[in-house]
Amino acid sequence: MNTFKTTLTNLSEAFAKPLSQQQLDDVSLLVENSLNNKFQFGHEFYTIKDVIPTSLVDALAPYIDSGLEVNSDLIELEARYHESKFSFEFEMSHSLSGLVNLLIDKTSIAHIQIHAIYESDLFSVNHATQEINHEPSAEPSELHGIYCIIDLENGQSFLTQMSADEAKQAMWANTNDRLNGVNPYTTNSKKLTFYKASCLRRGLKTISAFNNCGDLRLVSTLLNLHDRQFNKAKAVRKVMPLNNYKFRCCSKQPSSIDQIFKAEQGSVVIPFNQSVSKAPTATEEKKHTTELLTELPDELYGAWESDTLGVGF
């Protein structure tokens, strides 16, 4: 706790342009309100208190440099695993309510609706009249998808839809590719909130691509900040040798190592040290041999990276 206080005290000096007292107060309140937030890593749970306090500066810098407000009404503090340091570092993103309020206040977006569709709901889209008929059912059922309607001040409206499978793929990419195995979505309500935020970001990407928003600068800035966090996470996602004493026979081995050694992310993997090979005997030649890593069929790999709108949902 003392390290957090020291970091917050010296926060203003960490930037080329000193932060105002209001900015310092907002960041301090954000940290204070987030210290007990839980997240899952592997099979264990941690809180924001377990994150390295000094990493707050690196997480905060892109938002400060972009001229965005950072306070507890708009921003959520998160954790990302740094494999080379065997520790957690800070990351941050806009909350769903904060993102909606920011877009309505600062851009030409007039209204945003985001709703979940369940299997027992009645849902239909009339593209001719551009009308949606959604009658929620009182009976509980599985999530079918998410849809988002963004109304612009010029009268245009955009409908974005995301299936339940796509929403789960987005959360997998966010957890594994952006936060390096850290899962902050530990409850059903947090998962649903993320699904809605993901659908909203997909809609924003569509609007940004068509250049139909009167003020695209803020929209592009918000999308770029989120997408760049994927590259930032990849830079610290360097797999250590698996024969390292901190990993070998360790019950706390990160789950990210177990995911096919991250071959799909392009990480370099150093396998177990192999003994010097010897000439096989006649008996050994008859034995069935297996390779260290086996190739999985293509259908077992997620198709998330092939999405034309990018991975930053």
Using side chain to side chain contact (heavy atoms under 4.5 Å, CB included), reason through S93 and E78 one step at a time and then give a plain yes or no.
CA-CA 8 Å; S93 64; E78 299 172 325; 3.4 Å; yes

Does N36 form a side chain to side chain contact (heavy atoms under 4.5 Å, CB included) with T47? I'd like the steps, not just the answer.
CA-CA 6 Å; N36 294 321; T47 65; 5.6 Å; no

With side chain to side chain contact (heavy atoms under 4.5 Å, CB included) as the criterion, how do N174 and H226 come out once you've worked through the C-alpha distance, each side chain's angles and the decisive distance to 0.1 Å?
CA-CA 10 Å; N174 193 80; H226 185 76; 3.7 Å; yes

Assess whether side chain to side chain contact (heavy atoms under 4.5 Å, CB included) is satisfied between L29 and N71, documenting all intermediate values.
CA-CA 7 Å; L29 183 60; N71 56 57; over 6 Å; no

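By the 6.0 Å contact criterion, NZ on K232 is enclosed, its count of non-hydrogen atoms from other residues, nucleotides or ligands being greater than 12.
How far SG of C199 is from NE2 of H115: 11.0 Å, rounded to the nearest 0.5 Å. To the nearest 0.5 angstrom, E69 atom CD is 8.5 Å from H94 atom NE2. For the atom pair CD1 of I52 and CZ of F88, the computed distance is 10.0 Å after rounding to the nearest 0.5 Å. S87 OG to H82 NE2: the interatomic distance, rounded to the nearest 0.5 Å, is 7.0 Å. Considering NZ of K190 and CG of N188, their distance stands at 11.5 Å, rounded to 0.5 Å. Atom CD of residue E44 and atom CZ of residue F39 lie 11.0 Å apart, to the nearest 0.5 angstrom.
When all heavy atoms are compared, the tightest approach of V236 to Y81 is CG2-O, 4.2 Å. Of all non-hydrogen atoms in K205 and D227, the two that sit nearest each other are NZ-OD2, 2.8 Å. Summarising the geometry of K191 relative to Y185, their closest heavy-atom pair is CE-O, 3.5 Å, with the distance given to 0.1 Å.
Checked by atom type, the side-chain pair R228/N224 shows no donor-acceptor distance below 3.5 Å.
Judged by distance alone, with hydrogens and angles left aside, the side-chain atoms of Q40 form a donor-acceptor pair with the main-chain N or O of G42 at under 3.5 Å. In terms of modelled atom types and a separation under 3.5 Å, the side chain of S208 and the main chain of L204 share no donor-acceptor contact. Counting only distance, with no hydrogens or angles, the side chain of S120 and the backbone of E139 share a donor-acceptor pair below 3.5 Å. Of the possible donor and acceptor atoms, one in the side chain of S28 sits under 3.5 Å from a partner among the backbone N and O of L24. At distances below 3.5 Å, not a single donor-acceptor pair connects side-chain atoms of Q23 with backbone N or O atoms of P18. Side-chain atoms of S66 do not come within 3.5 Å of backbone N or O of L68 as any donor-acceptor pair. For the pair Y63 (side chain) and M92 (backbone), a donor-acceptor distance under 3.5 Å is present. Checking side-chain atoms of T160 against main-chain N and O of R202 turns up no donor-acceptor pair under 3.5 Å. Looking at S163, its side chain does come within 3.5 Å of a backbone N or O of E166 through a donor-acceptor pair. With hydrogens and angles ignored, the 3.5 Å screen pairs no side-chain donor or acceptor of N176 with any backbone N or O of G181.
Under a hydrophobic clustering in which Ile, Leu, Val, Met, Phe, Trp and Tyr are joined whenever their side-chain heavy atoms come within less than 4.5 Å, directly or via other members, F45 and V182 fall into different clusters. Cluster membership check: I146 does not share its hydrophobic cluster with I132, using side-chain heavy-atom separations under 4.5 Å among Ile, Leu, Val, Met, Phe, Trp and Tyr. Note: the hydrophobic cluster containing I104 also contains L74 (ILVMFWY, side chain heavy atoms under 4.5 Å, direct or indirect links). At a threshold of 4.5 Å between side-chain heavy atoms, the hydrophobic network of Ile, Leu, Val, Met, Phe, Trp and Tyr places L192 and I117 in two separate groups. Taken together through direct or relayed side-chain contacts under 4.5 Å among Ile, Leu, Val, Met, Phe, Trp and Tyr, Y46 and I48 form part of one hydrophobic cluster.
Contact annotation: the side chain of I112 approaches that of C148 to within less than 4.5 Å [non-hydrogen atoms, C-beta and beyond]. Within the 4.5 Å cutoff, the side chain of L60 has no heavy atoms near those of the F90 side chain. For the pair H144 and D121, the minimum side-chain heavy-atom distance is 4.5 Å or more. Proximity of L103 to I150: side-chain heavy atoms (C-beta onward) are nowhere separated by under 4.5 Å. Counting only heavy atoms from C-beta outward, the side chains of N37 and L77 never approach each other to under 4.5 Å. Contact check for E89 versus D58: no side-chain heavy atoms found under the 4.5 Å cut-off. Contact check for D26 versus D73: no side-chain heavy atoms found under the 4.5 Å cut-off. Using a 4.5 Å heavy-atom cutoff, the side chains of T7 and V31 are not in contact.
Residues that satisfy the salt bridge (charged side-chain N to carboxylate O under 4.0 Å, His left out) test with E91, not counting sequence neighbours, are R80. Here H134 pairs with F123, Y147 under the ring-ring contact (aromatic ring centres under 6.0 Å, His included) rule; sequence neighbours left out. Evaluation of the side-chain contact (heavy atoms from CB on, under 4.5 Å) rule for L96 yields V100, I114, T193, K196, A197, L200 as partners, not counting sequence neighbours.
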